[in-house]
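Heads up: the structure comes next, in structure tokens.
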Amino acid sequence: MALHTDRILVLDYGSQYTQLIARRVREAGVYCELLPWDVAPTRISDFAPRGVILSGGPDSVTDTSSAPTIPDEVFALGVPVLGVCYGMQALAARFGGQVQTSAAREFGYATVQHDNSSALLRDLGEAFTRSLDVWMSHGDKVVAAPESWAVIARTDNAPIAAMSCEAQSLYAVQFHPEVTHTACGRALISRFVHDICGCGAQWTASNIIDDAVAQIR
């Protein structure tokens with residue numbers, strides 16, 4: 001049984017929620033590993049994931065002298081990428097968008113409105129309002145999306161609460177889908193790993209046991 005064929009890499013930028021991202025991926029039946037963002041580049045290419053998730057973190061991309069960046073190997077893989085919070089801001093900075101420190105920071109519940117245009121958010125939330133109850137935790141925000149990226153969600157305080165470059169399967173959300181406070185969070189992560197990355201759902205307790213027994217035998 002090829003339990004590890006479909007795999008997701010989570011790059012850790014220091015968020016207190018990073019372990020939860022890995023947990024949600026595994027709960028979706030997909031094997032994943034968590035590595036620090038500055039891991040040796042060969043670790044990323046050798047792992048050969050079907051998709052990459054960039055976690056949140058305490059740093060600011062506006063600090064150009066020390067802000068963590070996204071390894072080139074992530075994009076060399078040619079697989080879908082999902083940036084969460086700091087991960088979204090790092091993607092914006094990488095592709096020429098603008099990130100600023102916000103005067104009105106968001107911590108806690110927020111209501112996100114989306115236009116149902118993206119593969120990541122399509123049909124999530126209430127059918128008519130397309131509103132999502134989410135959990136925010138950020139001081140910086142994206143104020144200009146990179147060229148060729150579409151704004152796919154917004155809040156009153158963050159006009160760019162999610163964005164995507166569908167042609168390259170790159171997605172980013174300012175909120176935290178990994179926490180239980182984000183009502184659609186599990187569905188969003190499942191959408192990313194299954195529908196966008198094409199992973200199956202073989203990483204289950206029963207399959208892990210069966211695989212271990214087969215290897216022992």
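In this structure, F95 and W149 have tilted ring planes: the angle between them lies in the 30° to 60° band. Ring orientation note: the planes of Y109 and H181 are tilted relative to one another, at an angle of 30° to 60°.
Considering CD of E178 and OG of S55, their distance stands at 8.0 Å, rounded to 0.5 Å. With rounding to the nearest 0.5 Å, the separation of OG1 in T155 from CD1 in I160 is 10.5 Å. Once rounded to the nearest 0.5 Å, the distance linking CD1 of I196 with OG of S190 reads 10.5 Å. With rounding to the nearest 0.5 Å, the separation of CD1 in I21 from CG in L11 is 10.0 Å. Distance OG/S164 to CG/L91: 11.5 Å, rounded to 0.5 Å. To the nearest 0.5 Å, atoms OG1 (T62) and CG (D140) are separated by 5.0 Å.
Of the candidates L124, V84, T182, L132, L124 is the only one forming a side chain to side chain contact (heavy atoms under 4.5 Å, CB included) with L188.
Under a 3.5 Å cut-off, the side chain of R50 and the backbone N or O of G198 do form a donor-acceptor pair. Of the possible polar contacts, one joining the R26 side chain to the C32 backbone as a donor-acceptor pair under 3.5 Å is found. Between the side chain of R154 and the backbone N or O of A161 there is no donor-acceptor pair closer than 3.5 Å. Put simply, the side chain of Q202 never gets that close to the backbone of N207: no donor and acceptor are under 3.5 Å apart. Although no hydrogens or angles enter the test, the distance criterion places no donor-acceptor pair under 3.5 Å between the side chain of R24 and the main chain of I189. Between the H176 side chain and the M136 main chain, no donor and acceptor come within less than 3.5 Å of each other. Judged purely by atom type and a 3.5 angstrom limit, R7 uses its side chain to pair as donor or acceptor with the backbone of H4.
Under the rule for a ring-ring contact (aromatic ring centres under 6.0 Å, His included), F192 has no partner lying at least two apart in sequence or in another chain. Considering only residues two or more places apart in sequence or on other chains, F47 meets the ring-ring contact (aromatic ring centres under 6.0 Å, His included) condition with none of them.
Side-chain contact check for V52 versus L54: some heavy-atom pair is nearer than 4.5 Å. Y31 has its side chain out of reach of T5: every pair of non-hydrogen atoms, C-beta onward, lies at least 4.5 Å apart. Taking 4.5 Å as the limit, some side-chain heavy atom of L120 sits within range of a side-chain heavy atom of V173. Inter-residue side-chain proximity for R130 and D123 is flagged as met; some heavy-atom pair is nearer than 4.5 Å. The shortest side-chain heavy-atom distance between D72 and P41 does not fall under the 4.5 Å cut-off. When side chains are defined from C-beta on, W203 counts as touching I208, because their heavy atoms get closer than 4.5 Å. Side-chain contact check for R43 versus E73: every heavy-atom pair is 4.5 Å or farther apart.
Around the CD atom of Q19, the shell of radius 6.0 Å holds no more than 12 heavy atoms that belong to other residues, nucleotides or ligands. For R23, the CZ atom sits in a loose shell: 12 or fewer heavy atoms of surrounding residues, nucleotides or ligands are nearer than 6.0 Å. Open room surrounds CD on Q98; 12 or fewer heavy atoms of other groups in view lie less than 6.0 Å from it.
Between the side chains of W135 and Y17, at least one donor-acceptor pair of N or O atoms lies under 3.5 Å. Under the 3.5 Å distance criterion, with hydrogens and angles disregarded, no donor-acceptor pair is assigned to the side chains of D63 and S60.
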Can you list the steps and then say if Q174 with C85 is a side-chain contact (heavy atoms from CB on, under 4.5 Å)?
-> CA-CA 4 Å; Q174 187 58 69; C85 197; 3.4 Å; yes

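Both F75 and Y86 are assigned to one and the same hydrophobic cluster, defined by single-linkage of ILVMFWY side chains at heavy-atom distances under 4.5 Å. Both V39 and V81 are part of a single hydrophobic cluster, where members link through side-chain heavy atoms under 4.5 Å apart. V179 and Y171 sit in two unconnected hydrophobic clusters of ILVMFWY residues. Membership requires side-chain heavy atoms under 4.5 Å apart, directly or through other members. Cluster annotation: F175 is not connected to L20 through the hydrophobic network of ILVMFWY side chains, with a link wherever side-chain heavy atoms come within less than 4.5 Å.
Across every non-hydrogen atom of K141 and Q89, the tightest pair is N-NE2, 4.3 Å.
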